[in-house]
Amino acid sequence: MKWDSTLYDNKHHFVSEYGMDLINLVPINDTNAILDIGCGTGVLCNTLSKRCGYILGIDGSNTMIEKAKHQYPNLDFKYMDALEINDKERWDVVFSNAVFHWINNQDLLIKNIYRSLKDGGILVCEFGAYGNIQKIEEGFTKAVAEYGYEYHSKFTFPTVESFQRILEKHGFKIEVIYDYDRPTQLDAGRSSLDLWIRQFYQNELENFDENIQKEILELLAKYVEKDLWDETKWILDYRRLRVVAYK
Ligand SMILES: C[S@@+](CC[C@H](N)C(=O)[O-])C[C@H]1O[C@@H](n2cnc3c(N)ncnc32)[C@H](O)[C@@H]1O
């Protein structure tokens with residue numbers, strides 16, 4: 001999946017801003033080693049770096065990693081797919097914000113994370129829960145279908161129960177696990193939804209000429225406005241799943 005790292009930091013920085021709250025669940029310890037999975041442009045790594053001895057940010061997008069390295073030259077970042085983590089007992093904390101729903105094989109992901117943690121190590125993560133952006137997914141599916149494109153969701157938004165099963169299967173002891181609605185406001189104005197869709201559905205949109213892309217975005221806005229538009233701004237139907245679990 002391609003990522004526009006500039007659009008991400010300029011218009012969708014709310015993703016990492018919400019992640020600041022998650023950071024409060026990470027123990028402060030200046031000898032801890034932390035792995036941040038899907039670090040994006042490195043904003044949360046930078047904050048976490050003040051709570052630990054060492055942090056590595058990994059991400060499966062080169063544009064994100066390049067931007068992270070440019071913004072935080074004193075921190076370590078690596079271009080790497082989370083499904084290829086093969087560390088053994090290296091990390092005190094594995095942290096991740098807004099990433100796991102992009103990874104279909106969550107079983108392998110959790111297996112890798114468990115192996116990579118030291119005994120007593122902790123996983124702190126949050127990502128899209130079952131039902132996340134459901135209106136958007138339905139609207140997008142319907143809009144692109146009008147142009148002959150069959151969209152099947154690329155996301156994996158698990159229920160608490162199914163994610164708990166994966167965690168326990170690999171040996172985690174769960175301290176916190178819950179899902180919650182987090183209505184998420186975009187910048188004021190109709191066009192903010194277009195930018196959001198261009199950010200997160202870029203791969204699918206690229207199948208169409210620019211003028212068709214605009215038509216799709218208009219159709220989508222028409223389909224979802226009764227649920228997500230409040231006359232001045234879009235409020236998206238985010239649902240999150242939050243976990244704190246120990247090895
Ligand atoms: C919504 S961004 C979140 C970035 C950052 N954690 C934050 O809170 O701002 C999702 C990130 O997950 C990364 N990602 C998605 N799938 C991945 C995978 N399989 N391995 C590593 N990174 C992945 C993307 O490249 C992207 O940077």
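We count ligands from 1, going down the list as the structure has it; atoms in each ligand are counted the same way. Below, each value reflects all heavy atoms present in this structure, side chains not excepted, and no hydrogens, waters or symmetry copies.
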S.K.: For K88, what residues pass the side-chain hydrogen bond (donor to acceptor under 3.5 Å, both in side chains) criterion, not counting sequence neighbours?
M.R.: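 If we apply the side-chain hydrogen bond (donor to acceptor under 3.5 Å, both in side chains) test to K88, skipping adjacent residues, there are no hits.
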S.K.: Show me a pair-per-line table, with atom names and distances to 0.1 Å, of protein N or O atoms that are under 3.5 Å from an N or O of ligand 1.
M.R.:
unit_1	atom_1	unit_2	atom_2	d
ligand 1	6 (N)	G38	O	2.7
ligand 1	6 (N)	N97	O	2.8
ligand 1	8 (O)	N97	ND2	2.8
ligand 1	9 (O)	Y8	OH	2.7
ligand 1	19 (N)	D81	OD1	3.1
ligand 1	20 (N)	A82	N	2.9
ligand 1	22 (N)	G60	N	3.0
ligand 1	25 (O)	W3	NE1	3.2
ligand 1	25 (O)	D59	OD1	2.5
ligand 1	27 (O)	D59	OD1	3.2
ligand 1	27 (O)	D59	OD2	2.7

S.K.: Would you call E168 and K173 a salt bridge, taking side-chain N to carboxylate O under 4.0 Å as the test?
M.R.: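 Looking at K173 together with E168, the answer is no, because their closest N to O distance does not fall below 4.0 Å.
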S.K.: Are F155 and F157 an aromatic pair by the rule of ring centers under 6.0 Å?
M.R.: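 Under 6.0 Å, so yes.
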S.K.: Among residues two or more places apart or on two chains, list those pairs meeting salt bridge (charged side-chain N to carboxylate O under 4.0 Å, His left out) that have a residue in residues 137-146.
M.R.: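 Non-adjacent pairs meeting salt bridge (charged side-chain N to carboxylate O under 4.0 Å, His left out): zero.
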S.K.: Is it possible for you to say whether F100 and V243 belong to one hydrophobic cluster, with membership spreading through side-chain heavy-atom contacts below 4.5 Å?
M.R.: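 The answer is yes; both residues are in one hydrophobic cluster.
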S.K.: If you look only at pairs with a residue in residues 95-111, which of them pass as a salt bridge (charged side-chain N to carboxylate O under 4.0 Å, His left out), with sequence neighbours excluded?
M.R.: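 Output for this query lists D107-K169.
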